Amino acid sequence: MQRIPRFATACAILTTIVLACSDDTVSPTDLQPVLASISPDSGNVGTAVELRGSQFAKGAVVLFGSMPSPRVSYLSATRVRAYAPDGIVLGESYAVKVRNASSDFADASKPYRAVAPELTVVNGVSKPSGTPGSTVVFEGRSFGDLVGKGTVYFTGNSGPVEAPVTIAANWSNEFIIAEVPGDAITGPVWVDTPLGATDGIEFRIVEAATFSPSQIQWTQTASLPAPSQGHGAHFLSIEDAGNVDNVVFVTGGADGTPTARTDVLVGEIDATGQVVSWSATTPLPEARAFHATEIATPWNALVDTTVAGYLYEIGGINATGDVQSTVLFTAVARDRSLAGWAPTTALPVALHSAGAAILRSWLYVVGGATTADAPRGAAYRARILEDGQLGAWESLPALPSARAYAPLVQWAGHLYVLGGDTAASTPGSNSVPNTTTKSILMQTIDLRTGGFKNSAWTGASSQLIKSVSKHSVIVAGGWLLASGGLYNGASSSATEHQYASIDVDGSVTSFNGATGSQTITSAGGVPFYNHTAITYVDDAGVAHVIIIGGNNVTNSAAPTANCYYY
């Protein structure tokens, strides 16, 4: 009997996965691919559809019905990306098929349905506004992923005004970044595509020339019930049965000791933008100060729409000064009441004075300080679930160096960390070490996955005017505004406000400063740090900023209860 060599037996066994042991002339392009799924399974012309399966090869061909995809990207042997072709018809379904360059089509196909686009959010708020030339973010579904296949329109005096989108990365299936045209007027904005146009959303053109505090006078509004520093604050516009309730929530905080408190306040904002009163609401179950805080709403996360949103208190210190890793959250009802605070997924480490931001159902936490006030550079994210709970925390590329007291903000698919302290500093201290920084770090978000596009954070093209920590930063209408804080070499917050615009590619322009008569100190306030700042739009569509409380640079034992707005 002839003996069969072992390698021949192995070849026979492995034929089911189409590996050639003795003949390497067979190309992978001859293998018939296996198609398991596609995502998304509906969309517009130009929507990027990811095919998953096995045995994909470079040069793969993808058909939508009988029409070839104009662009196919080989990602791996298990993933191919194909763009829906011109010619698909609204409401029709098309069998998506794939074959390698020299193979037959996969045995199975998957249906793709051509659907109309939907515009759901503009600038992440219920009443969007902006100035001519400012950056606008459009969110929705089924815009397509190819720039040039659709158009963004604003209202003009004599008809629609196009807002050109020339940067390919600024047009995606669910996210478009454009500029307000110079000749736009207040009125609907919408997106037009090969499969139809979206409904319009009212966009108010703000009359101010720029988002510049040097052009606006600060005015004192209703003070907090007690002096406070290290608290959190968030604006919320609650719409219910045609009525709009604009409020601000202030959570936790500390006195001048500093000893953390459990207080939670709700401020009533009137039609002109002033806070007219503060009242207590459901307190925190444990004292918190110097915590990160965020609010998830249907405008920035896929959460339960029967509630107005979910508030999060992230880390911080307790009444005895111990650093916490726990995260507390509560639902905000449409009558502005809180459902009750409960713990959700804790941070991987205990942190205070970290930065936090929400973008498209992901909560990001960056930097902060841990035990002994040691700064950290770690970055994390957690998925916000429909019921407000958080999924598991995942690590992301860390900052190039550790920093605390550095606010984190997001705009148009980018994260920004501005200033901060690179050495240990106690939360309530007004000492100004030479370890604060003026640098701005930025990272780009992959809008498909919520992860970072880049393996490392990069420095922005500009810096703050002064190195600063324990300050606030807000972003609105494509502008950054940094306020207050502790500055290197300064005994007071001499430059109260630093502001710059963000270009449509995410780059930051040069900062300008507001001093003299355009400052809160000139309006009777103290030089401040460890405060909070919020931005919002009043009933007339006018943008406002409120600076809430904070400590006194010249006397750290005497925080302020004062609040100022413009």
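Worth knowing before you read on, the calculation uses all heavy atoms, side chains too, and leaves out hydrogens, waters and symmetry mates. Everything numeric in this text was worked out from a predicted model, so none of it was measured.
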> To the nearest 0.5 Å, what is the distance between CD1 (I465) and OH (Y499)?
Replying inline: 8.0 Å
> Is W341 reaching over with its side chain to a backbone N or O of T282, donor-acceptor style, under 3.5 angstrom?
Replying inline: yes
> If every non-hydrogen atom of S228 is compared with every non-hydrogen atom of G253, which pair is closest and at what distance?
Replying inline: OG-CA, 3.8 Å
> Is there a side-chain contact between V553 and Y487, using heavy atoms and a 4.5 Å cut-off?
Replying inline: no
> Say you draw a straight line from CG of N434 to CG of D421; how long is it, rounded to the nearest 0.5 Å?
Replying inline: 10.0 Å
>> How long is the straight-line distance from CD of E496 back to OG of S483, given to the nearest 0.5 Å?
In response: 8.0 Å
>> Would the distance check show the side chain of T135 and the main-chain N or O of E179 forming a donor-acceptor pair, the cut-off being under 3.5 Å?
In response: no
> Stepwise, does the side chain to side chain contact (heavy atoms under 4.5 Å, CB included) test hold for Y416 with V473?
Replying inline: CA-CA 10 Å; Y416 301 87; V473 176; over 6 Å; no
>> I'd like to know whether CD1 of I167 has more than 12 heavy-atom contacts from other residues, nucleotides or ligands below 6.0 angstrom.
In response: yes
> Rounded to the nearest 0.5 Å, how far does CD of Q274 lie from CD of Q220?
Replying inline: 10.5 Å
> In this structure, which one of T281, L224, I548 forms a side chain to side chain contact (heavy atoms under 4.5 Å, CB included) with L265?
Replying inline: L224
> Has the side chain of T330 got a donor or acceptor atom that lies under 3.5 Å from a matching backbone atom of A339?
Replying inline: yes
> Can you check whether Y312's main-chain N or O pairs, donor with acceptor, with T293's side chain at less than 3.5 Å?
Replying inline: yes
>> Please find the pair of heavy atoms, one from A558 and one from N552, that lie closest to each other, and give the distance.
In response: O-CB, 3.4 Å
>> Do T422 and P375 have side chains that approach each other closer than 4.5 Å (heavy atoms only, starting at C-beta)?
In response: no
>> Taking the six-membered ring of W393 as reference, does the cationic atom of R381 (NZ for Lys, CZ for Arg) lie under 6.0 Å from its centre and within 45° of its axis?
In response: no
> Who pairs with H471 by side-chain hydrogen bond (donor to acceptor under 3.5 Å, both in side chains), at least two apart in sequence or on another chain?
Replying inline: none
Which atom pairs, one a donor and one an acceptor, fall under 3.5 Å between side chains of residues 352-360 and the rest of the protein, sequence neighbours left out?
unit_1	atom_1	unit_2	atom_2	d
H352	NE2	D373	OD1	2.9
R360	NH1	E139	OE1	3.0
R360	NH2	E174	OE1	2.3

> What's the verdict on side chain to side chain contact (heavy atoms under 4.5 Å, CB included) for I314 and L347, showing C-alpha distance, side-chain angles and the deciding distance?
Replying inline: CA-CA 8 Å; I314 306 156; L347 291 166; 3.7 Å; yes
> Looking at side-chain heavy atoms only, is the closest gap between V468 and T436 below 4.5 Å?
Replying inline: no
>> Please report the interatomic distance CG(N246) to NE2(H544), rounded to the nearest 0.5 Å.
In response: 10.0 Å
> Is a donor on one side and an acceptor on the other found under 3.5 Å between the side chain of T370 and the backbone of A350?
Replying inline: yes
> Is the closest side-chain donor-acceptor distance between N551 and Y529 under 3.5 Å?
Replying inline: yes
>> Working note: T509 + D503, criterion side chain to side chain contact (heavy atoms under 4.5 Å, CB included); need CA distance, chi angles, decisive distance, verdict.
In response: CA-CA 7 Å; T509 63; D503 287 337; 3.8 Å; yes
>> In the structure I gave you, are the side-chain heavy atoms of L328 and H291 within less than 4.5 Å of one another anywhere?
In response: no
> Which pair of heavy atoms, one from A398 and one from A378, lies closest together, and at what distance?
Replying inline: CB-CA, 4.0 Å
> Which pair of non-hydrogen atoms, one from V332 and one from L338, has the smallest distance, and what is that distance?
Replying inline: CG2-CD2, 3.8 Å
>> So that I can tick it off, tell me whether R288 and E286 are bridged by a salt bridge, with the cut-off set at under 4.0 angstrom between side-chain N and carboxylate O.
In response: yes
>> Under a 3.5 Å distance rule, please check whether K470 uses its side chain to pair with a backbone N or O of S429 as donor and acceptor.
In response: yes
> So H497 and F528, would you call those rings parallel, tilted or perpendicular, with 30° and 60° as cut-offs?
Replying inline: tilted
> So, does D304 use its side chain to make a donor-acceptor pair with the main chain of D387 at under 3.5 Å?
Replying inline: no
>> Please evaluate residues V526 and T554 with respect to the criterion side chain to side chain contact (heavy atoms under 4.5 Å, CB included), reporting the C-alpha separation (whole Å), side-chain torsions for both, the decisive distance (0.1 Å), and the verdict.
In response: CA-CA 8 Å; V526 301; T554 59; 5.9 Å; no
> Taking all non-hydrogen atoms of both residues, which atom of P407 and which atom of Y405 are closest, and how far apart?
Replying inline: CD-O, 3.6 Å
> Under 3.5 Å, side chain of S361 to main-chain N/O of L302, donor-acceptor pair present?
Replying inline: yes
>> Quick check: closest heavy atoms across Q229 and G256, and the distance to 0.1 Å?
In response: NE2-CA, 4.0 Å
> Can you check whether I295's main-chain N or O pairs, donor with acceptor, with N300's side chain at less than 3.5 Å?
Replying inline: yes
>> When you compare the side chain of L418 with that of V409, does any pair of heavy atoms fall below 4.5 Å?
In response: yes
> Pick from Y565, W299, Y536: which one makes a ring-ring contact (aromatic ring centres under 6.0 Å, His included) with F235?
Replying inline: Y536
> Does some side-chain heavy atom of L390 sit less than 4.5 Å from a side-chain heavy atom of F329?
Replying inline: no
>> Main chain of T320, side chain of N318: is a donor-acceptor contact present, judged purely on distance under 3.5 Å?
In response: yes
> Are V275 and C563 side-chain neighbours, meaning at least one heavy-atom pair lies under 4.5 Å?
Replying inline: no
> Just how far is it from atom CD of Q463 to atom CZ of F511, taken to the nearest 0.5 Å?
Replying inline: 10.0 Å
> Is there a side-chain contact between I546 and V248 (heavy atoms, below 4.5 Å)?
Replying inline: no
> What residues, two or more places apart in sequence or in another chain, satisfy side-chain hydrogen bond (donor to acceptor under 3.5 Å, both in side chains) together with S439?
Replying inline: R403, T437
